Amino acid sequence: MDVLRLASLLDELPPERTRLLDNLGRLRREVGPITPELSDALADRMNLRRGDVHEVVSFYSFLQVPVDAVRVCTGPVCDCAGSRGLVAGGAIEVPCLGHCDLAPVVLHGDDVEGGVTHSTNGFLLEPDELLRPRELSQDEVLELLEASGLTGMGGAGFPTWRKWDAVRREPGPRVVIVNADEGEPGTIKDRYVMELRPQLLLEGVEAAMRFCETDGAYVYLREEYATARARLREAIAARGLPVEVVVGAGAYICGEETAMLESMEGRRGMPRLKPPFPTQSGYLGRPTLINNVETFAHVALVLRGARQPTRLWSVTGAVARPGCYEAPLDVTPRTLIDDYAGGLTAEPGALVPGGAASGILPPAALDTPLTDEALAEWGCAVGSAALQVFPVTYPVQRLLAETMRFFAEESCQKCTPCRIGNRALHAVFAGERTMEREKLDEWLEAMALTSICGLGQAAPTPVRNAAAHWPELFERMHA
Ligand SMILES: Cc1cc2nc3c(=O)[nH]c(=O)nc-3n(C[C@H](O)[C@H](O)[C@H](O)COP(=O)(O)O)c2cc1C
Ligand code: SF4
């Protein structure tokens with residue numbers, strides 16, 4: 001691009017700091033990977049310190065990568081499907097690309113190799129009756145949400161009505177944000193909602209905007225979801241809603257709600273200490289309601305009237321039809337595999353119930369309901385409801401090594417236990433170092449108790465599960 005064209009493009013870019021990520025994304029698309037020179041030019045244009053912009057650029061995986069790069073997923077499901085063999089010269093390894101139903105996944109620029117397909121049971125989240133939602137008062141909304149028992153689908157399972165009630169108690173102006181960062185390995189359900197049911201999602205968002213008495217909302221969307229991005233933008237335009245889509249740049253940690261706020265404010269996506277919670281002080285210090293994509297879709301259904309509670313299960317790995325299936329909240333892995341996903345394709349060796357930090361289950365748990373209560377007995381949680389089935393031929397030690405590699409690569413590096421702990425655990429399970437069992441337990445405890453956010457706090461879970469269910473692995477490792 002010639003100097004004049006670059007100067008006029010820079011002039012077009014909005015100078016507000018909240019637009020930094022967006023501006024960087026635009027420069028990357030229209031000029032090329034963000035070089036130090038481009039970063040400085042943008043900093044000057046936006047009247048920001050050059051060092052601040054460099055910091056942001058280096059934080060995100062994709063800003064320095066060409067838009068047409070070939071990206072190969074090396075998340076556990078793709079690794080198990082042999083994706084590392086696809087990493088040819090020039091291709092970039094990415095810890096999870098969010099298309100685990102199509103494993104092994106390769107992206108050419110925005111395009112998924114082989115094309116995006118969907119495997120579901122019926123029309124996901126179909127309302128019982130096709131009534132337009134009626135206007136409800138804030139109290140009525142809260143009553144319906146409370147009676148429905150709806151809890152957050154993003155992983156933490158916080159009661160939705162409580163969050164809505166908390167944000168209502170704070171003075172306006174309030175902000176509504178949809179968490180569409182979906183980075184948890186194995187989790188594809190939000191992509192299915194955005195690709196197949198964007199209007200239902202927006203109906204929930206519209207209800208939240210009315211409830212919060214705000215006239216604008218944001219969707220923070222992961223960069224790799226090009227089909228979802230297009231369908232969502234189309235649906236927003238068709239509905240005439242003032243909803244802005246903010247596109248991420250390849251940082252899993254930005255799915256953590258306070259890291260997302262930092263990212264949207266034009267800084268590195270590093271989690272904030274809580275409290276204050278986003279409901280109290282969120283985007284630009286305003287009371288902010290952040291819910292997951294699927295949560296908003298359920299809100300729309302709840303506000304339309306009674307319906308049996310369900311959730312969307314991402315089912316991937318050694319099953320005949322990997323995909324996203326709507327099933328009851330207490331479904332078992334066996335039912336999901338046999339009745340929804342077409343049955344096993346290999347003898348199962350390990351199950352992951354809901355994202356990397358949810359834990360690892362032995363095949364003996366196949367008939368355990370996938371609820372937090374039942375899984376607590378196995379030391380696991382349901383997390384983002386992403387059942388990953390690993391065949392017995394995929395060693396549990398490798399699953400652990402890959403899981404810890406994921407955490408190590410995606411840690412924001414802010415706190416020491418998470419920064420060095422995940423790296424050390426990866427090295428242990430990759431066979432690069434040994435650690436006495438007692439020492440290992442100390443590290444796990446330090447990480448769980450002293451990390452700032454859920455990433456470092458929950459990273460020990462799969463290791464502890466493995467120690468309980470595959471003790472022989474640990475004896476071998478520390479001999
Ligand atoms: C490391 C980490 C990553 C997260 N990633 C996501 C994510 O990709 N999508 C999501 O909705 N929530 C994610 N969360 C949870 C959010 O912080 C937050 O709890 C959620 O968006 C709230 O919405 P909900 O109550 O509707 O689930 C993550 C949390 C942590 C600790
Ligand atoms: S626990 Fe890890 S990801 Fe979370 S704030 Fe600390 S270093 Fe960052």
Side-chain angles (χ1 to χ4, degrees), residues 18 133 135-182 190 193-194 198-222 232 235-236 239 241-246 248 254-265 269 271-304 311 384 453-454:
T18 51
E135 292 293 319
L136 297 162
S137 70
Q138 283 186 330
D139 287 338
E140 286 172 312
V141 168
L142 283 183
E143 273 167 32
L144 284 172
L145 289 178
E146 185 176 3
S148 73
L150 180 64
T151 56
M153 299 290 171
F158 190 78
T160 304
W161 77 272
R162 277 189 197 280
K163 197 183 276 188
W164 286 46
D165 190 30
V167 82
R168 163 175 87 148
R169 288 169 190 281
E170 301 290 334
R174 304 181 189 86
V175 181
V176 171
I177 299 177
V178 181
N179 188 340
D181 204 42
E182 188 158 76
D190 295 338
V193 172
M194 290 183 280
Q199 289 296 352
L200 190 69
L201 160 64
L202 293 179
E203 189 177 313
V205 175
E206 211 172 351
M209 288 165 68
R210 270 199 307 273
F211 181 88
C212 290
E213 293 166 344
T214 181
D215 50 12
Y218 301 88
V219 179
Y220 189 98
L221 178 67
R222 72 179 296 181
L232 198 56
I236 290 169
R239 217 177 171 93
L241 271 187
V243 174
E244 193 182 312
V245 179
V246 179
C254 289
E256 196 282 336
E257 56 191 5
T258 60
M260 174 175 293
L261 294 169
E262 289 289 302
S263 174
M264 290 174 63
E265 291 180 13
R272 300 175 180 171
L273 278 174
K274 292 192 268 194
F277 294 97
T279 48
Q280 303 164 300
S281 174
Y283 184 56
L284 300 175
R286 295 177 191 152
T288 302
L289 178 72
I290 305 176
N291 275 128
N292 165 261
V293 166
E294 187 192 347
T295 311
F296 278 112
H298 284 287
V299 164
L301 294 181
V302 166
L303 300 186
R304 279 178 181 230
R311 72 183 299 174
S384 55
C453 88

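Bear in mind the structure is a predicted one, so any value in this text is a computation, not a measurement. Nothing fancy with the numbering, it's 1 onward along the sequence. Computed from heavy atoms alone, side chains included, the values below leave out hydrogens, waters and symmetry copies.
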Are any non-hydrogen side-chain atoms of [X] and [Y] less than 4.5 angstrom apart?
| X | Y | value |
| --- | --- | --- |
| Val141 | Leu303 | yes |
| Gln280 | Pro275 | yes |
| Val246 | Leu221 | no |
| Val293 | Met153 | no |
| Trp164 | Leu142 | yes |
| Leu201 | Val178 | yes |
| Glu182 | Met194 | no |
| Val167 | Pro287 | yes |

Closest heavy-atom pair and its distance - [X], [Y]:
| X | Y | value |
| --- | --- | --- |
| Met209 | Pro242 | CE-CG, 3.9 Å |
| Ile290 | Pro278 | CD1-CB, 4.0 Å |
| Leu261 | Tyr283 | CD2-N, 3.5 Å |
| Asn179 | Asp190 | O-OD2, 4.4 Å |
| Asp181 | Gly255 | OD2-N, 3.0 Å |
| Gly154 | Ser384 | O-CB, 4.4 Å |

Decide side-chain contact (heavy atoms from CB on, under 4.5 Å) for Ile177 and Met260; before the verdict, give the C-alpha distance in whole Å, the side-chain angles of both, and the deciding distance to 0.1 Å. CA-CA 10 Å; Ile177 299 177; Met260 174 175 293; 4.0 Å; yes

CA sep, side-chain torsions, deciding dist, call: Arg304, Glu203, side-chain contact (heavy atoms from CB on, under 4.5 Å): CA-CA 10 Å; Arg304 279 178 181 230; Glu203 189 177 313; 2.7 Å; yes

[X] with [Y]: basic N within carboxylate O range, under 4.0 Å:
| X | Y | value |
| --- | --- | --- |
| Glu135 | Arg210 | yes |
| Glu170 | Lys163 | no |
| Arg168 | Asp139 | yes |

For Arg311, the salt bridge (charged side-chain N to carboxylate O under 4.0 Å, His left out) test, sequence neighbours excluded, returns none

Backbone of [Y] reached by a side-chain donor or acceptor of [X] within 3.5 Å:
| X | Y | answer |
| --- | --- | --- |
| Thr258 | Pro271 | no |
| Glu294 | Val193 | no |
| Glu265 | Glu262 | no |
| Arg174 | Cys212 | yes |

Salt bridge (Lys or Arg N to Asp or Glu O under 4.0 Å) contacts touching residues 273-290 (sequence neighbours left out):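 Sorted result for residues 273-290: Glu256-Lys274, Glu257-Lys274.
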
Could you please spell out the steps behind the side-chain contact (heavy atoms from CB on, under 4.5 Å) verdict for Tyr218 and Val175? CA-CA 8 Å; Tyr218 301 88; Val175 181; 3.9 Å; yes

For Leu202 and Ile236, run side-chain contact (heavy atoms from CB on, under 4.5 Å): C-alpha distance rounded to whole Å, both residues' side-chain angles, the deciding distance at 0.1 Å, then the answer. CA-CA 7 Å; Leu202 293 179; Ile236 290 169; 3.8 Å; yes

